[in-house]
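Data block below; observations after.
Every chain is numbered from 1, with letters handed out A, B, ... down the list of sequences.
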Amino acid sequence: MEINKIKCGKFSFNVPNFDLKLTMFSGQTSQPPWKHKNDYYQELIFIEDKPCLIKVRQKNNHLEVKYETDTKVSPQDIKKTIKYIFDLEFNLDKFYFNFTQNDSIFSRIVEKYNGLRLFLAHNKYECIISSITSANNSISKWTRSILRIKEKLGRKYVFPSSEEMYYFPDPETVLENKDKLKYCGVGYRYKYIVETTKILYENLSIDEVNKMEYDEAFETLLELPGVGPKVADCILLYGFRRYEAFPVDIWITRAIKDLFGVSKDIREFGQSKFGKYAGYAQLYLYQYIRHKK
DNA sequence: CAGGTC
DNA sequence: TCTGG
């Protein structure tokens with residue numbers, strides 16, 4: 001699909017404590033890292049229901065942004081969206097301050113991964129499917145699956161710079177093209193994706209879940225096929241920006257065991273220990289344990 | 001060999 | 001369990 005009435009532009013703005021690459025490649029996220037091209041990272045995002053090609057790159061403490069989008073979308077709208085996706089309003093220093101007091105381990109972790117933030121979903125349905133696909137799967141494999149779903153089932157948009165981007169299909173499209181989904185390398189998760197999509201299409205609105213309190217949203221997500229505690233918390237953290245979520249995978253299990261000697265009820269442990277910073281604590285613990293020799 | 005859900 | 005690297 002070609003886009004008419006399009007405008008291109010660029011701007012830059014100052015960012016707080018932030019590391020774009022670290023944030024985008026942190027591993028456990030709602031979406032694959034953005035496409036790296038000509039020194040920028042780019043993605044197709046819908047803003048005000050209009051397709052928008054966003055390219056970003058970081059130069060020290062500012063972010064350079066190029067965009068191609070409908071004339072109705074303002075640079076302010078784009079900036080707001082970028083701030084949301086990289087969680088730039090979150091007060092990282094306060095989080096650091098809270099957990100580095102009298103804690104040499106956390107001090108080192110925080111120092112090493114300074115500027116790491118949540119990489120939030122721009123599409124909640126994509127985030128749910130991504131999270132289901134990530135279960136019992138390697139990072140490189142689920143990343144490829146998601147990119148394949150976008151290319152095989154998603155809609156293609158061609159921008160003025162002749163850039164071609166695919167957008168993650170909506171639930172209806174996925175249900176209409178179930179057969180194609182089989183060739184996206186999701187394996188046995190195929191039936192979970194189809195069943196969950198059916199529920200999201202017919203019975204459960206994502207917006208409704210978004211309005212719920214954390215606990216209720218968690219229990220509701222658990223009802224979806226292929227969604228267990230880890231996936232539910234990933235969806236809540238990366239998709240719905242619920243900072244109290246604490247997704248526990250084998251890496252977090254190892255980290256908690258390693259640092260605190262705790263080996264059961266790890267989610268509850270993390271949530272009571274870190275409270276409203278549980279999600280961020282998880283982000284840093286994950287980096288710590290994955291890179292630990 | 002990696003890796004949550006049923 | 002299942003499946004690509």
Side-chain angles (χ1 to χ4, degrees), chain A residues 25-33 36 118-119 121 124-153 174 178-200 203-204 206 209 214-240 242 244-259 262-271 278-279 281-293:
Chain A
F25 291 90
S26 70
Q28 282 188 323
T29 59
S30 55
Q31 57 189 310
H36 194 190
L118 292 178
F119 186 25
K124 291 183 173 60
Y125 171 62
E126 175 183 22
C127 174
I128 292 171
I129 300 306
S130 280
S131 302
I132 290 174
T133 308
S134 74
N136 198 20
N137 209 163
S138 63
I139 293 173
S140 61
K141 249 175 76 178
W142 78 253
T143 300
R144 265 193 306 278
S145 291
I146 299 309
L147 295 177
R148 236 178 273 174
I149 292 174
K150 288 167 85 162
E151 285 189 14
K152 287 182 190 288
L153 288 87
V174 170
K178 289 199 281 263
D179 45 325
K180 290 187 192 164
L181 185 60
K182 285 183 180 156
Y183 305 102
C184 296
V186 296
Y188 66 92
R189 299 168 200 81
Y190 169 81
K191 60 179 183 297
Y192 298 150
I193 296 174
V194 171
E195 290 307 309
T196 287
T197 300
K198 256 183 214 164
I199 294 172
L200 293 175
N203 300 314
L204 180 67
I206 291 177
V209 178
Y214 169 77
D215 288 326
E216 190 189 355
F218 183 79
E219 296 300 327
T220 304
L221 290 172
L222 286 184
E223 301 290 316
L224 298 171
V227 178
K230 191 269 183 182
V231 168
D233 260 350
C234 274
I235 293 169
L236 285 165
L237 182 60
Y238 300 106
F240 297 75
R242 299 302 176 92
E244 60 270 59
F246 192 74
V248 177
D249 64 358
I250 61 148
W251 296 98
I252 294 302
T253 305
R254 286 173 194 162
I256 296 293
K257 175 95 171 106
D258 183 271
L259 294 174
V262 173
S263 50
K264 62 176 185 117
D265 298 330
I266 297 171
R267 174 169 173 265
E268 290 69 19
F269 174 82
Q271 290 183 323
Q282 179 267 166
L283 204 57
Y284 281 78
L285 290 170
Y286 183 80
Q287 294 304 315
Y288 159 76
I289 200 71
R290 286 223 60 156
H291 299 134
K292 190 183 171 189
K293 299 169 290 298

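Between the NZ atom of A/K191 and the P atom of B/dC6 there is a distance of 10 Å, rounded to whole Å. Across the protein-nucleic acid pair, A/Y192 atom OH and B/dT5 atom P stand 10 Å apart, rounded to whole Å. Computed from coordinates, the A/L221 CG to B/dG4 C1' distance equals 15 Å when rounded to whole Å. Note: CD1 (A/I235) to C1' (B/dG4) measures 12 Å, nearest angstrom. Between the C1' atom of B/dG3 and the CZ atom of A/R254 lies a distance of 9 Å, rounded to the nearest Å. Taking atom CD1 on A/I139 and atom P on B/dA2, their separation rounds to 13 Å, with Å as the unit. Per the geometry, CD1 belonging to A/I193 stands 12 Å off P belonging to C/dT3, to the nearest Å.
When heavy atoms are screened at a 4.0 angstrom cut-off, A/G226 is found touching the sugar-phosphate backbone but no base atom.
Residue A/N137 is the one, among A/N137 and A/P225, whose nearest nucleotide of DNA chain B lies closer to the 5' end (criterion: closest heavy atom).
Contact check, A/R148 against C/dG4: no side-chain N or O comes under 4.0 Å of OP1 or OP2. Proximity of A/R189 to the phosphate of C/dT1: no side-chain N or O atom is located under 4.0 Å from OP1 or OP2.
In the region residues 245-252 of chain A, proximity to DNA chain B at under 4.0 angstrom, judged on heavy atoms, holds for A/D249, A/I250, A/W251.
The partner of B/dG3 is C/dC2, by the rule that a Watson-Crick or G-U pair needs both atom distances under 3.5 Å.
A/R242 forms no cation-pi arrangement with A/F218, by the criterion of a distance under 6.0 Å to the ring centre and an angle within 45° of the ring axis.
Closest contact between the side chain of A/Y188 and the listed nucleotides C/dT3, B/dG3, C/dC2 involves C/dC2.
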